[in-house]
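Chain letters run A, B, ... following the sequence lines, proteins first and then strands; every chain starts at 1.
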Amino acid sequence: MGLFNAVGNYFRDSQVWGSIFRHGVPRDRRTRAMAILSNVFLHLHPVAVRKSGIRLSFTWCMGGLTFFLFIAETISGVLLMFYYRPVVEYAYTDIVGLRAHVTLGLLREIHRWGAHAMVIAIWLHMLRVFLTGSYKPPREFNWGVGVILLTLTLLLSFTGYLLPWDQLAIWAITVGSNMARATPFAGHEGPGAALLQVGGVPLIHGGSDARFLLLGGTVVGPGALLRFYVLHCIFIPVVVSVLIAVHFWRVRKDGGISGPL
Amino acid sequence: MIDTYWQLLASAEGGHSDGLIDRLKSTIDYLCAPEYFVTLTTLLLIVALLTYKIWTKPKVAGLIFAAFTFFYVASMFDEDFFKIIKKPDNVPITMMIYFTGFCTWLGFRQAAINDDRMKRGEPLLESGADDKVLVWPDLVYTELIALVLCTAFLVVWAIVLKAPLEPPANPTNIPNPSKAPWYFLGLQELLVYFDPWIAGVLLPGLIIVGLIALPYIDKNPRGNGYYTLRERPFVISVFMFGFVIMWCVLIVLGTFLRGPNWNLFGPFETWDPHRPAALLNINVSDVFWVVLPERLALSWWKPGLPDQPFLFLPAYLVREAPGLVLVGGYFFVLPVFLAQTVFRRIYREIGFVRYCVFWLLLSWMFIVPIKMVLRWLFNMKYFVAITEFFFNI
């Protein structure tokens with residue numbers, strides 16, 4: 001143990017360590033506060049929190065796990081992007097390749113099961129926040145941000161569903177995106193769409209409605225694959241990241257983890 | 001219906017040697033028709049909300065857990081049930097059932113304790129606002145442990161279960177049934193009862209808007225930051241109905257009970273693609289203009305849908321007038337009546353504008369079960385069917 005401590009102290013006393021961690025070992029109140037304050041990631045937290053607020057039976061830890069799963073999805077997703085090409089000719093074979101050639105490969109499994117777990121975790125987070133009445137003032141706005149994040153999580157999962165380009169994928173997306181066809185006014189089979197016409201020429205038809213916008217075509221084809229890929233890998237994750245920042249910031253600003261007033 | 005029930009029982013007994021189990025299975029299959037499944041689970045939820053102090057006791061809850069698990073595991077010996085369960089993408093549903101069940105218990109258990117404590121004037125589980133602890137180490141270590149456990153869980157899951165990969169996409173080969181991803185199956189189930197513009201666009205939109213609007217409508221200042229049911233019974237009941245029944249139960253229904261041609265199958269039934277489709281559904285306009293005069297047999301009222309415009313009203317509005325009156329009454333007259341009776345206190349507390357939003361959301365939420373019941377009982381298809389403009393409710 002003596003040697004272990006000596007080596008530990010040697011590193012902790014070095015200039016490199018001191019340049020990264022601006023405080024001593026977090027053993028007393030001051031250094032523990034410093035550990036949170038001087039770390040860009042940890043300072044998402046306040047320095048001190050209410051004791052009842054961090055009880056596991058109170059928070060269920062579901063919000064934190066949703067965030068963690070989002071990070072796990074981002075990392076595994078970026079790795080998957082190295083192997084996957086979002087064109088009809090290659091998409092399926094790339095997934096097959098990932099499965100056949102990578103020994104003990106878990107990347108796609110972790111990404112897929114992580115996505116399912118994230119959907120469940122975020123629902124349960126909502127249930128917890130609801131049951132504790134934590135959406136009530138002053139947290140109304142943050143609850144709204146959370147609802148948008150929940151919706152985006154479902155959309156993330158939904159857009160990712162298409163990418164393997166197998167039977168499961170295109171038909172699940174076909175069923176889902178058929179809804180867009182019936183959007184009031186904006187879908188060519190939606191109520192009111194027939195009213196939007198100029199001199200008898202309909203403005204909203206199969207090639208110009210909400211579904212066409214979503215799929216980049218009239219069927220789930222190459223255009224849809226590319227659009228869903230871009231939405232899945234870039235657009236939605238960026239929006240989610242921004243909203244997560246807002247969400248966390250507002251948790252702090254609205255008084256931290258909720259508790260009886 | 002009773003006849004089919006006995007036929008089922010008879011066939012089960014005649015065909016197999018193991019009578020009791022098969023009889024049990026066909027009884028469960030029978031009870032899983034949505035009219036029973038949704039009704040029974042709703043009743044169960046109501047009972048659960050009323051008796052939350054009893055079933056949340058760890059011993060009772062443990063017993064329920066054990067009984068359900070026994071039933072669930074025993075069911076896996078059934079080939080047809082196991083076929084659904086073992087699909088890799090359905091595994092999350094099993095997890096959803098268990099996690100939602102556990103978390104609901106956890107929340108209501110603490111609500112029961114808190115409500116008891118408040119009655120006795122004791123402090124809440126969550127009280128002690130000034131009782132602060134440092135984030136390092138108390139919170140960061142909890143987070144670290146949660147993170148490690150979650151990672152381990154995910155890795156084990158990934159090792160045990162391969163991600164599914166079906167044959168390559170083939171636009172000419174439509175699988176039967178075509179199901180949406182499991183978390184959207186509740187919405188897909190709504191398609192049975194509503195046109196896509198309601199089931200796929202309006203209702204999801206209203207769910208999102210409704211959830212966001214919730215804190216602005218719920219003006220009850222109590223129950224902020226702690227588990228309780230007694231201080232906000234109405235809001236919690238409505239929310240739990242929406243979350244448990246209209247979302248989770250419909251997902252379970254869509255996963256376990258919908259087979260080829262979107263026909264209904266019991267959990268222990270084989271998915272037979274050749275089973276005949278459901279019978280014809282009728283509109284409110286058919287009932288009013290055709291069925292009613294036929295029954296009444298009046299000399300001055302001949303059965304038949306009106307196809308002539310009346311005064312300035314186009315024919316389709318005349319035809320759909322009964323349905324429009326019903327729907328109009330539900331959306332616009334009923335709230336006025338309710339505001340003076342059942343919702344009197346709510347109306348006084350939240351005011352006119354909030355009450356309008358509240359009713360918009362509540363009425364659309366409850367039109368779903370209302371239409372389900374009407375479909376089950378009377379094969380009702382549309383209240384209003386203006387197919388000319390794809391405007392069907």
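For V220(A), no part sits under 4.5 Å from any heavy atom of chain B, backbone or side chain. In this structure, chain A has heavy atoms under 4.5 Å from both the backbone and the side chain of F391(B). In this structure, chain B has heavy atoms under 4.5 Å from both the backbone and the side chain of W113(A). With a threshold of 4.5 angstrom between heavy atoms, D195(B) does not approach chain A through any atom at all. For K179(B), the part sitting under 4.5 Å from any heavy atom of chain A is the backbone (N, CA, C, O) and nothing else. Proximity to chain B (any heavy atom under 4.5 Å) is restricted, for A35(A), to the side chain, taken from C-beta onward. With a 4.5 angstrom heavy-atom cutoff, T142(B) touches chain A only via side-chain atoms. For W143(A), the part lying near chain B is the side chain, with the backbone staying farther off; criterion is any non-hydrogen pair under 4.5 Å. Looking at R29(A), the atoms closer than 4.5 Å to chain B (heavy atoms on both sides) sit in the backbone and in the side chain alike. Heavy atoms of F68(A) lying under 4.5 Å from chain B belong exclusively to its side chain. With a threshold of 4.5 angstrom between heavy atoms, L168(A) approaches chain B through its backbone and through its side chain. Heavy atoms closer than 4.5 Å to chain A are found in both the backbone and the side chain of Y227(B). Residue L229(B): no heavy atom, backbone or side chain, is found under 4.5 Å from chain A. The part of L69(A) that comes within reach of chain B is its side chain, from C-beta onward, which places non-hydrogen atoms under 4.5 angstrom from that chain. Contact annotation for L134(B): both backbone and side-chain heavy atoms come within less than 4.5 Å of a heavy atom of chain A. In this structure, the portions of L154(A) lying under 4.5 Å from any heavy atom of chain B include both its backbone and its side chain. With a 4.5 angstrom heavy-atom cutoff, T151(A) touches chain B only via side-chain atoms. Interface remark: L191(B) contributes side-chain atoms only to the contact with chain A (heavy atom separation under 4.5 Å). Looking at N114(B), there are no atoms closer than 4.5 Å to chain A (heavy atoms on both sides), in backbone or side chain. Contacts of Q188(B) with chain A are made by side-chain atoms alone, with heavy-atom separations under 4.5 Å and no backbone atom involved. Within the 4.5 angstrom heavy-atom criterion, no atom of R109(B) approaches chain A. Only the backbone of T228(B) comes within less than 4.5 Å of a heavy atom of chain A; no side-chain atom from C-beta onward does. Residue I173(A) does not touch chain B at all, counting heavy-atom pairs closer than 4.5 Å. In this structure, the portions of P164(B) lying under 4.5 Å from any heavy atom of chain A include both its backbone and its side chain. If you measure heavy-atom distances from I198(B) to chain A, you find no contacts under 4.5 Å at all.
Panel note: side chain W171(A), backbone N173(B); a donor-acceptor pair is recorded below 3.5 Å. Panel note: side chain R50(A), backbone E126(B); a donor-acceptor pair is recorded below 3.5 Å. Under the 3.5 Å distance criterion, the side-chain polar atoms of N224(B) are left unmatched by any main-chain donor or acceptor of S134(A). Judged by distance alone, the side chain of E109(A) and the main-chain N or O of A163(B) form a donor-acceptor pair under 3.5 Å.
Nearest approach of T183(A) to V201(B), heavy atoms of both residues: CA-CG2, 3.8 Å.
Taking the charged nitrogens against the carboxylate oxygens, D89(B) and R112(A) do have a contact shorter than 4.0 Å, which makes a salt bridge. Here K136(A) pairs with D218(B) in a salt bridge; the nearest charged N to carboxylate O distance falls below 4.0 Å.
If you look at F58(A) and Y226(B), their ring centroids are not closer than 6.0 Å.
For R30(A), the CZ atom is loosely surrounded, since the number of other residues' heavy atoms within 6.0 Å does not exceed 12. By the neighbour-count criterion of 12 heavy atoms within 6.0 Å, atom NE2 of H43(A) is sparsely surrounded, having that number or fewer from other residues, nucleotides or ligands.
Between chain A and the options V140(B), L187(B), L161(B), I208(B), the largest number of non-hydrogen pairs under 4.5 Å is found for L161(B). Heavy-atom pairs under 4.5 Å with chain A peak, among L202(B), V155(B), L125(B), at L125(B).
Atom CG in L154(B) sits 5.5 Å away from atom CD1 in I110(A) (nearest 0.5 Å). W197(B) CH2 to F185(A) CZ: the interatomic distance, rounded to the nearest 0.5 Å, is 9.5 Å.
Looking only at atom types and distance, the side chain of W182(B) has a donor-acceptor partner in the side chain of H116(A) under 3.5 Å away.
The side-chain heavy atoms of D138(B) and I54(A), taken from C-beta on, include a pair separated by under 4.5 Å. Within the 4.5 Å cutoff, the side chain of F130(A) has heavy atoms near those of the V235(B) side chain. Residues D166(A) and P168(B) have side chains not in contact (no heavy-atom distance under 4.5 Å, counting atoms from C-beta outward).
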L131(A) vs T104(B), test: side chain to side chain contact (heavy atoms under 4.5 Å, CB included). Steps then yes/no. CA-CA 9 Å; L131(A) 285 179; T104(B) 310; 5.7 Å; no
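Of the residues listed (T153(A), I120(A), V119(A)), the one engaging Y183(B) in a side chain to side chain contact (heavy atoms under 4.5 Å, CB included) is V119(A), and it is the only one.
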